[in-house]
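Residue numbering restarts at 1 for every chain, and letters A, B, ... go by the order of the sequence lines.
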Number of protein chains: 2
Amino acid sequence: MSNLDWLKQFPALATMPEGERAPLAGGAMAMNAPAGTTVYAPGEPCNAFILVIDGAVRVYQLDADGNEIVLYRLGPGSICILTTLALLASDAYSAFAVTETPVHAMALPAATFNDLMARSAQFRSFVFGAQAARMADLMAVIQNVAFASIESRLAARLLTLAGGGGELSITHQQLAAEIGSAREVVSRQLKAFERRGWVSLGRGRVELRNAAPLRAAAGH
Amino acid sequence: MSNLDWLKQFPALATMPEGERAPLAGGAMAMNAPAGTTVYAPGEPCNAFILVIDGAVRVYQLDADGNEIVLYRLGPGSICILTTLALLASDAYSAFAVTETPVHAMALPAATFNDLMARSAQFRSFVFGAQAARMADLMAVIQNVAFASIESRLAARLLTLAGGGGELSITHQQLAAEIGSAREVVSRQLKAFERRGWVSLGRGRVELRNAAPLRAAAGH
DNA sequence: AAGCGGTCTGTGACGAAGTCACCGCCGAAT
DNA sequence: ATTCGGCGGTGACTTCGTCACAGACCGCTT
């Protein structure tokens with residue numbers, strides 16, 4: 001039987017009545033994956049519902065020409081909608097999900113997942129909440145790529161990636177993939193930021209020197 | 001009691017066991033809305049699950065500067081994910097859903113919807129299938145706005161909007177909103193199509209004259 | 001220490017797309 | 001018939017993506 005201590009981290013699930021948690025206790029399997037593990041890829045069969053306990057998963061799209069754009073990230077407490085929907089609706093997506101850090105997760109086999117969905121209103125609302133959040137993420141991405149300037153998209157992304165810290169280990173190419181643009185465009189924009197004293201640059205490194213104007217630029 | 005004849009149109013629901021259909025029979029309410037009715041708008045409270053029986057609903061995003069982009073359309077048999085998720089997760093979206101034609105729909109109050117979700121695996125999988133389809137729609141939009149040329153996006157959209165017929169009643173401004181571009185850009189591209197003999201243009205009208213090259217242009 | 005291959009970054013030139021300002025035109029309402 | 005608001009056309013300019021290429025940096029080998 002699995003240890004369900006990790007459940008305590010997730011209020012939405014932890015308060016589920018004893019009886020409803022039974023399938024969880026019986027069917028949950030712990031997973032540990034190193035950074036760089038593929039969680040979902042188009043065409044791959046997928047047969048489990050996945051809940052991230054610790055670590056980060058990057059979900060992105062990749063087209064035939066090699067163009068890449070990051071859709072969203074999953075952190076602790078998030079479930080992988082892609083695998084869930086592929087599991088339930090057997091629909092194929094053109095997206096990839098890859099771990100960025102070592103990831104600790106719980107996997108529920110399809111049968112266990114279905115059982116929980118049938119039993120627990122709380123679990124259903126947890127799953128729907130996740131759906132809603134991902135949907136909102138995608139809609140935000142659409143707004144950005146369709147109507148926002150490169151300057152604001154890049155500034156915003158630098159801030160969220162830095163997340164408080166001031167140092168990023170990332171290449172221009174990766175940043176371009178983050179915002180769905182081209183490497184040259186990102187290089188030039190970063191240079192502009194550097195000239196203004198907002199960041200300082202190194203090979204594979206971006207240091208935020210002055211977050212305030214970046215925040216302002218991210219706004220519009 | 002509502003007439004459930006409409007259910008026959010939807011195999012996914014029609015084959016639900018008698019008992020599971022009970023809440024549906026008891027709680028479903030028929031709705032008829034003229035074209036132009038707002039189904040979902042940010043900030044509006046929404047308290048019903050909506051299933052389209054006949055007609056079309058356009059779901060689009062609108063930002064502060066008036067920029068507009070169509071996300072997807074709902075036809076017969078589709079459910080409005082936006083209202084469903086807003087209902088379940090009380091999350092606010094920046095999107096609008098508006099009827100384009102007179103729409104005939106069924107509405108389930110939240111309680112009835114929750115009851116069905118609890119009882120029927122078939123209903124759950126119907127709802128999840130719809131989620132998955134909308135998610136795929138959004139991801140396709142992202143691919144297009146991020147990486148596809150205006151020529152291919154416009155050609156593709158003209159073909160799907162025409163849907164077999166050769167005549168469209170639509171303005172350049174509306175077409176721009178369809179693909180998330182600017183009116184001038186669409187005007188110029190349409191002129192180019194006209195010079196090549198692919199379409200002929202009139203005020204508020206686009207006639208497809210030669211679909212084959214349009215299909216080719218839509219491809220890449 | 002020197003060389004080497006691969007990755008990362010910088011740059012100029014160009015084309016595609018978005019923006020701005022302004023125009024004339026059509027058509028419905030008065 | 002005139003007016004007025006929505007529609008479409010156009011030129012000038014800016015921003016962004018693409019292409020081609022050069023140089024810099026890094027880790028590795030010799």
Roughly how far, to the nearest 0.5 Å, is [atom2] of [Y] from [atom1] of [X]?
X: B/Gln189; Y: B/Leu154; atom1: CD; atom2: CG; answer: 6.0 Å
X: B/Leu168; Y: B/Leu208; atom1: CG; atom2: CG; answer: 5.5 Å
X: B/Asp54; Y: B/Thr101; atom1: CG; atom2: OG1; answer: 7.0 Å

d([atom1], [X]; [atom2], [N]) in whole Å:
X: B/Glu194; N: D/dG8; atom1: CD; atom2: P; value: 12 Å
X: A/Ile179; N: D/dG17; atom1: CD1; atom2: P; value: 8 Å
X: A/Asp65; N: D/dT18; atom1: CG; atom2: C1'; value: 12 Å
X: A/Leu154; N: D/dG17; atom1: CG; atom2: C1'; value: 15 Å
X: B/Glu151; N: D/dG17; atom1: CD; atom2: P; value: 19 Å
X: B/Phe147; N: D/dC16; atom1: CZ; atom2: P; value: 15 Å

Parallel, tilted or perpendicular, as decided by the 30° and 60° cut-offs, for the rings of A/Tyr60 and A/Phe96
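Rings of A/Phe96 and A/Tyr60: parallel, as their planes differ by under 30°.
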With heavy atoms of chain A within less than 4.0 Å as the criterion, where does contact along DNA chain C begin and end?
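Footprint of chain A along DNA chain C, 5' to 3': C/dG6 to C/dA13.
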Looking at the rings of A/Phe123 and A/Phe49, which for Trp means the six-membered one, are their centres under 6.0 Å apart?
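Yes, they do, as the ring centres are separated by less than 6.0 Å.
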Along DNA chain C (nearest heavy atom to each residue), the more 5'-positioned of B/Ser181 and A/Gln173
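Comparing both residues, the 5'-ward one is A/Gln173.
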DNA chain C: A/Ala146 or A/Arg205, which has the more 5' nearest nucleotide?
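Residue closer to the 5' terminus by nearest nucleotide: A/Arg205.
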Between A/Tyr40 (side chain) and A/Cys80 (backbone), is there a donor-acceptor pair under 3.5 Å?
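Absent.
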Do any N or O atoms from the side chain of A/Asn114 and from the backbone of A/Ala110 form a donor-acceptor pair under 3.5 angstrom?
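At least one qualifying donor-acceptor pair exists.
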Heavy-atom pair of closest approach, residues B/Ser181 and B/Ile150
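Looking at all heavy atoms of both residues, the closest pair is OG-CD1, 3.5 Å.
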Hey, is A/Glu178 close enough to A/Arg153 for a salt bridge, meaning N to O under 4.0 Å?
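No, no charged N to carboxylate O under 4.0 Å.
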Below 3.5 Å is the cut-off: list the nitrogen or oxygen pairs between protein and nucleotides 19-23 of chain D, distance only.
| unit_1 | atom_1 | unit_2 | atom_2 | d |
| --- | --- | --- | --- | --- |
| D/dC19 | N4 | A/Glu184 | OE2 | 3.1 |

State whether B/His172 places a side-chain N or O below 4.0 Å from either non-bridging phosphate oxygen (OP1 or OP2) of D/dG9.
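Checking B/His172 against D/dG9: at least one side-chain N or O falls below 4.0 Å of OP1 or OP2.
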